[in-house]
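Some notes on the structure that comes next.
Per chain, numbering begins at 1; letters A, B, ... match sequence-line order.
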There are 2 protein chains.
Amino acid sequence: MSPPLHISISEQLRRQIAAGDYQPGDKLPSEHQLMDMFDVSRITVRQAIANLVSQGLAIAYRGKGVFVTPRKKVAYSLSSPLVFLEQDMARQGIDFGFENLTLEPVAAPEPVAAALAIAPGAEVYLQKKLFRMDGAAGAVDVSYLIADLGKRLADILTQQMTFPTLAENDIPIDQVDAVIECTHADYAMGGYLEVPLGHPLMVYRYTALSTNQQPVLYGETISRADRFCYSLSTQA
Amino acid sequence: MSPPLHISISEQLRRQIAAGDYQPGDKLPSEHQLMDMFDVSRITVRQAIANLVSQGLAIAYRGKGVFVTPRKKVAYSLSSPLVFLEQDMARQGIDFGFENLTLEPVAAPEPVAAALAIAPGAEVYLQKKLFRMDGAAGAVDVSYLIADLGKRLADILTQQMTFPTLAENDIPIDQVDAVIECTHADYAMGGYLEVPLGHPLMVYRYTALSTNQQPVLYGETISRADRFCYSLSTQA
DNA sequence: CGCGGTAACTTGTTATGACAAGTTACTTTA
DNA sequence: TAAAGTAACTTGTCATAACAAGTTACCGCG
């Protein structure tokens, strides 16, 4: 009936974290210390720590130690996706920044072509942006813009966010269809976002429609699930 | 420069899953078979499988084997949270059902009281419902209803969904404020949803306001992130 | 035929041991 | 003094071994 040792240990550490014995950012005892504290083998200690990591409560850094994850999440409002993300962040006291990784014409892959209602292989502009929150990588946005807008706005888009740029250039966005889901970091995305393999991520996949239901922009914002959440307000 | 063995193995399996060599629901080779196939120890095989599980690609069942996760996700529309969830599911070909776990008056905990704008400790009705999709547990809803509505509707609520019940009893919901975030199963929630510790979950935390901005319902829908996603459409 | 038990197979838990690799701090050297 | 190097400490990787516990299928007994 008694739970496995590693569960007991990770649950005790979890309670201590919840109680504030270990503050966000604090270093947990090293594996060797935990082995002595609980009188178990290193395998059991590592399993207990893996539990905490998989629950998003801690992150391990090789050579440094295991640290309690900073808990505060940033809320991104979905009710009006046109608002400036910078302002959204600033209001919550986050130092926000982004850097342009890619902006280039490419042939539209199958799902992109379907979303933008164009022929597969037709030219679109691929945009990749990395968002930083208080210096640390927090999210990546990969989006595709229809070709004529990409050509026209290329210079501006490397320095500004996409939605405001569209709005300022008389391209009205009438509707945004979106799906929110949860995934996990693969090896490549882990590199971008500076998180380990399997780290939980949220995906906000959107299609922006201009007048006449004309799709102009399709993309995904992939964010660290431990740093981001989405808020929305629905009215009847 | 070469990646660790367990990464090579999990990446190869991931590619095979992506290529369709292993279909959703298929059983992966057993640990012993993988040990022979890759000529590595069981520790390495288990680490590789843990990678797949943490990426949400596979689920392990003790005594049975490791299976590729059924990929199809059910979309829950947030644009009009009043629609019948049953119908939403049926449209996507899912056999949907729910069972009432709890419906009883309790003293409002601090955060609930704040959300419902009542005094902490005041009476509210605690509701717990378990949602089943194609027979398997998919989500748990824990919600709090203001006391007079709970008393009035207790008989109906054990057999019907909350939002439709409110609508049919002339309690209009004018606005729903919500936050979506990602968490992970602890030991208790893992038991409810029949998932292992650390399994990714999505939380839909909502406050429903009736006329005059009067909060009447506050709750959380906690769902398996591998089975659920949220869709929404925003109009300018 | 049906029920029960067992054998075989599955993943889960835990121990011990060893080396690799990243980080930090101190010490030595130029 | 400043740079280089080293020692100590950290987590990561991987092996072998044994037993626990859940599942399935088969076989024999009533």
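Between Tyr206(A) and Phe163(A), the ring planes are tilted. Angles from 30° to 60° get that label.
Here dA20(C) presents its P atom at 14 Å from CG of Leu5(B), a figure rounded to the nearest Å. Atom CD1 in Ile43(A) sits roughly 10 Å away from atom C1' in dT16(D) (whole-Å rounding). Residue Met35(A) contributes atom CE, which lies 11 Å from atom C1' of dG17(C) at whole-angstrom precision. Protein atom CZ of Phe38(B) is 17 Å distant from nucleotide atom P of dT13(D), rounded to whole Å.
The backbone N or O of Ile156(B) lies less than 3.5 Å from no partner atom in the side chain of Gln159(B), so there is not a single donor-acceptor pair. Judged by distance alone, with hydrogens and angles left aside, the side-chain atoms of Thr69(A) form a donor-acceptor pair with the main-chain N or O of Gly56(A) at under 3.5 Å.
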Where protein sits on nucleotides 4-12 of chain C, one letter per nucleotide: B base, S sugar-phosphate only, - none, heavy atoms under 4.0 Å = ------BBB

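Not one side-chain nitrogen or oxygen of Thr44(B) sits closer than 4.0 Å to the OP1 or OP2 atom of dT13(D).
Phe96(A) is not listed as a side-chain neighbour of Val74(A), based on a closest heavy-atom distance of 4.5 Å or more. Residues Asp226(A) and His199(A) meet the side-chain proximity criterion, which asks for heavy atoms closer than 4.5 Å. Within the 4.5 Å cutoff, no side-chain heavy atoms of Leu13(B) are placed close to those of Leu57(B).
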